[in-house]
Amino acid sequence: MVDIHYDQWEPVIGLEIHVQLNTRSKLFSAAPNRFGDEPNTNISDVCTGQPGTLPVLNKEAVRKAVQFGCAINANIAHFSKFDRKSYFYPDSPRNFQITQFDQPILIGGAVSALVGGQIKHFSIHHGHIEDDTGMLKHFSSFAGVDYNRAGVPLIEIVSDPCMTSPKEATAYAMAIKAIMEYLDASDCNMEEGSLRIDANISVRLKNEKTLRPKVEIKNMNSFYNMELAIESEIRRQVRAYTLNPHGDYGAIIQKGTYRFDLEKKETVMMREKEAAEDYRYFPEPDLPPIVLTASYIDEIRRTLPELPHQRYHRYSAELQLPEAAAILLVNDKSLSDYFEEALKLCSNAKSLCNWLSVEFVGRLKDTGKTLRQSEIKPQQVAKLVNMIDKGVITGKIAKSVADIMVLNPGKDCEEIVKENPDFKPVHDSSAIEPLVDQVLLQNPQSIADFKAGKSRAFDFLVGQVMKLSKGKASPEMVNKILTQKLQ
Amino acid sequence: MNHFDENDLAKLTKLCRIECTEEEKKEFFKSLKNVLAYVDQLQQIDTEGVPPCNQVLETLKNVMREDIIGDILPRELFLANAPSHVGGMIRVPPVIKFNSP
Amino acid sequence: MYQLSATSLHELFKKGELTAVQIVEDTLKRIAHHDPKIGAFLSVLSERALDKAKALDQKRKDGKHTGKLAGVPICLKDNIHIKGELTTCASRFLSNYRATFDATVTRLLEEEDGILIGKSNLDEFAMGSSTENSAFHVTKNPWNLAYSPGGSSGGSAAAVAARLCPIALGSDTGGSIRLPASFCGIVGFKPTYGRISRYGLVAFGSSFDQIGPFTTTVEDAALFLEVASRRCEHDSTCLKLPPEHYVQKLKSSLQGTKIGVPWHFLEDLPPEAKKNFHESIDVFKKLGASIVEVDLDLLKTSVALYYILSTAEASTNLARFDGIRYGLRSARAATLDEVYDFSKQEGFGKEVKKRILLGTYVLSSGYQSDYYQKAQKVRTLVIAQVRKAFESCDIVAMPTSLSSAFPLASIQEPLQMYLQDIYMICANLVGLPAISIPSGFDKEKRPLGIQLLGPQMHDADVLRFAHAFEKSTDFHRAIPPLFRE
């Protein structure tokens, strides 16, 4: 047996992220850009490659690409053009893809993300616009081709090989996804394929300067799987180099395209990089170049919506949300927008954040719905938090109210409290005093501890009183009475 | 220039996905070799610093359409030209999954 | 009636002296009688044409507005779509393909009440200069049935020359309208690149292709252009210019104009063609134009540039013919690879295969910079030289071809066939408007043509010079003897 010292190796990871832009129509034709319909119903003469058809560029796709470029501080190319990339495959209706080869619309740029509590910056090589392919459905004796997806606008974002762990790769990809969502440029649904990630992975010994052969992994349909896939590929490569310390790198790690086998939990080779792979790129003669003016770009830059890093900054600096909570919210655009709406009616941001992202999201988990989909209005959650803050109900009662809100999403939370006598907190000191007395009588040791300066003993006593009141006693009142009695 | 040989032709027929008979191969080889020899005259022309002509109409740029849904090709019409179809899809022989470039 | 130009037919229709049904019936009769001799048509749209004629006659009866082409039978090269009709491109591959949409030019012609009468033969996918590369049959020259009508739009040229219809459309990638026009003794016009939408024209060389008319008079070509030169939202390279009144602009005099001639480039012209060209130049001199020499020596590279660039574009344009979505799928194919390999083998003719192979080669890695990119750079130089030439003249004149029509099956070596196009490719490389008009006959009574080229967008000037020449000559009136009845 050979010992494998994974810690002596450093992975080098680059990601190619394909994001479908959520335009109404396709990139080069007026067919609808829509997922999930009957096969070959969202097609046009152009996107099925009928002879005699010509592409015409969708203005909105360009705008969204430029928006993204501005959001990542890329250089927006004043001149960019399209090229033909030739290969044969049944899902490619013209047998060439229209893409941008040597003059892409976005060059450079960077995103930052928190990885293990530290801010990391990830640099982007370029971003280009291209059209998506159709889809193949595989059956045992034949395959069926559906061109509904053919021609959907894609932006491909190619990172530099700047990531050194699966965690970094995930953080980077999530940051890209969040930006796309904040721009409302894409649905970024990995399961439906509107966000697709290919990873290029190589490993090298720490301190090694040059790069070793890389492997491309496709078919990672969730961030979770992506992390697993990258992790397992890194280990595979380290193992291979360790077992063949003197071999030729190219022979040990064959260049090629791999996919992650979800059952085996390992990467499997799909095909070798053929020496003859030759896409014969050349400028697309049917499309004039894109020439963007400074004023067009400035206008887009000026009107960008709030971006994830800006929102994160606001949450942590102004609202003083804990870091983890802020990230959780920011990375979930829909939840974060929900939070924003609730925030208009509620000033306790911390508590609101907790109620949204822990209590409600947790209660909705089994329904498979997001908070937005649940039809519980943000104003209701804000109201609930306000009721706690004003002492109208206790936190414990609020949890029961929340249970009912999830079951009856349309129902007003004040209504719920009103209808249920158990949900009214006891403010009456004459009702609480006997409970306090009873608890003090039963816990002489705690009294002694308190007097000896152990503040936790006080908390314990509060808890006992609350328990006795079945959670209905107003916490302020319990505090007040208990403090008086112990003096 | 022009070292075109039989191997190149074999690579080419594979790239274009055209099956050729031996007789065709001979004819195509000869014909391509001739044409390539003829076009070699271009090497005589000095193009140092000359940009490639990617557009014949030089003033043309930013030709774009509004993002509006327009005419759809009805599926029946699309499939009417298809050599083989099934369940609304174009039918092709089985393909190894995940082989798309 | 068959001797009438489109303009005259239209006028008689408007006046009520001829009904559209009379015109169509006469046309169909002539096609049935004469086309078997020449094989100009691939399909005849009798029913469609008669329906349209009846509708037109009704429209006129009702006093409703009729379009600029009302009463004019028009034939389309079979690489231009008419929705629901076959578009074969004279290829076995597409022998059953029905167009799913109308070409923009088709729509415009129909909107102006032109009557679509049929689809004409061509070299497969417009690749060729003789119309011998059709998968279906060879088209013959109406002036001598043993000769080629030229190509690739030979069917359209032969149809108009034999007076089977007054207007037929062709497409011109490297002379495919002008060469057959010259060989058949009629007018053939290739407008400025982008003047007429290419949407619905099956692409060959996308940066070269342009649709244009065959007619018996320059006036008819101008009429066609008035109808067809409209901006089109489906073609990104289609010009966005206001419509021009080409017919009206034909009238002005050539007094004081300058015609450029690249004498040096024309040195190798054979004696008979040279003599005819000199005679044509004399006609222009008499019309008041002065002749200046221009340097277009780079055009010696035309054929080389053309065969690199047009085949490169074609190799990708024709990649879609794979037997998956439409067209021929080989019955022998059991695997996906075989669908591609065998369908293309069975569906394409030799010339098409050769050009796909060549185009693929010049784009392939390791060779692209020597061939494709080099050619694109030389193309830049050619454009600059042509632009310079037009600084000293209004129009450039050249012969259309090296000689009159060649006998069928006489040219076997592809390169020799390619060289037929040497004087015409310039217009496609640079996107210029260019016209070929009849300029006389050789000793054996086969037509010759002169070609006029203008700067980009100067279509009206090209037509004006051609019209002036036509007015002072009779060649365009000559009808091939076999078809004078």
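These numbers come from the heavy atoms of this one structure, side chains and all, not from hydrogens, waters or symmetry mates. Order of the sequence lines fixes the chain letters, A, B, ..., with proteins taken first and strands second; residue numbering starts at 1 for each chain.
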As an exercise: rank [options] by heavy-atom pairs under 4.5 Å with chain A and give me the winner.
{"options": "C:Ala99, C:Ser197, C:Gly327, C:Ser236", "result": "C:Ser236"}
{"options": "C:Thr316, C:Val202, C:Thr237, C:Ile324", "result": "C:Thr316"}
{"options": "C:Leu336, C:Leu94, C:Thr100, C:Asn79", "result": "C:Thr100"}

Check each atom of [X] against the heavy atoms of chain C and say whether the ones under 4.5 Å are side chain, backbone, both or neither.
{"X": "A:Ser86", "value": "side chain"}
{"X": "A:Ser92", "value": "backbone"}
{"X": "A:Arg94", "value": "both"}

Between [X] and [Y], does any side-chain N to carboxylate O distance fall below 4.0 Å?
{"X": "C:Arg107", "Y": "C:Asp102", "answer": "no"}
{"X": "A:Glu130", "Y": "A:Lys85", "answer": "no"}
{"X": "A:Lys137", "Y": "A:Asp146", "answer": "yes"}

Any residue meeting side-chain hydrogen bond (donor to acceptor under 3.5 Å, both in side chains) with C:Arg329, in chain and number order, not counting sequence neighbours: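 Counting only residues at least two positions away or on another chain, C:Arg329 forms no side-chain hydrogen bond (donor to acceptor under 3.5 Å, both in side chains).
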Which residue is it: C:Val105, C:Leu239, C:Thr104? I am looking for the one with a side-chain contact (heavy atoms from CB on, under 4.5 Å) to C:Cys232. C:Thr104
With A:Ile157 as reference, evaluate A:Val19, A:Leu15, A:Leu106 under the side-chain contact (heavy atoms from CB on, under 4.5 Å) test and give the passing residue. A:Val19
Please classify the contact between C:Gln368 and chain A as side chain, backbone, both or neither, with a heavy-atom cut-off of under 4.5 Å. side chain
Report which part of C:Gln373 has an atom under 4.5 Å of a heavy atom belonging to chain A: side chain, backbone, both, or neither.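 Nothing of C:Gln373, per the 4.5 Å heavy-atom cut-off to chain A.
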With no hydrogens and no angle check, do the side chains of A:Arg149 and A:Thr133 hold a donor and an acceptor under 3.5 Å apart?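 Yes, A:Thr133 and A:Arg149 have a side-chain donor paired with an acceptor closer than 3.5 Å.
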Would you check if there is a donor-acceptor pair between the side chains of A:Glu16 and A:Asn200 at a distance under 3.5 Å? yes
Tabulate, in ascending numerical order, the residues of [range] having at least one heavy atom closer than 4.5 Å to a heavy atom of chain C, or enter 'none'.
{"range": "residues 55-64 of chain A", "value": "A:Pro55, A:Val56"}
{"range": "residues 35-49 of chain A", "value": "A:Asp45, A:Val46, A:Thr48, A:Gly49"}
{"range": "residues 282-293 of chain A", "value": "A:Phe282, A:Pro283, A:Pro285, A:Asp286, A:Leu287, A:Pro288"}

Classify the ring geometry between C:Tyr199 and C:His234 as parallel (under 30°), tilted (30 to 60°) or perpendicular (over 60°). parallel
Once the angle between the rings of A:Phe101 and A:Tyr281 is folded into 0 to 90°, is it parallel (under 30°), tilted (30 to 60°) or perpendicular (over 60°)? parallel
Residues C:Lys77, C:Ser152; criterion side chain to side chain donor-acceptor pair (under 3.5 Å); working and verdict: CA-CA 9 Å; C:Lys77 188 178 182 178; C:Ser152 65; 2.8 Å; yes
Point-to-point distance, once rounded to the nearest 0.5 Å, from [atom1] of [X] to [atom2] of [Y]:
{"X": "A:Gln50", "Y": "C:Arg320", "atom1": "CD", "atom2": "CZ", "value": "9.0 Å"}
{"X": "C:Lys344", "Y": "C:Leu328", "atom1": "NZ", "atom2": "CG", "value": "11.5 Å"}
{"X": "A:Ile98", "Y": "A:Asp131", "atom1": "CD1", "atom2": "CG", "value": "5.5 Å"}

Determine whether A:Lys81 and A:Asp83 satisfy the following criterion, salt bridge (charged side-chain N to carboxylate O under 4.0 Å, His left out), listing intermediate values before the conclusion. CA-CA 7 Å; A:Lys81 65 171 174 69; A:Asp83 300 275; 2.6 Å; yes
Go through the steps to decide whether C:Tyr367 and A:Arg280 satisfy the test side chain to side chain donor-acceptor pair (under 3.5 Å), and finish with yes or no. CA-CA 10 Å; C:Tyr367 303 104; A:Arg280 288 159 281 147; over 6 Å; no
C:Tyr97 and C:Phe321: aromatic ring centres closer than 6.0 Å?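 No: the rings miss the under 6.0 Å criterion.
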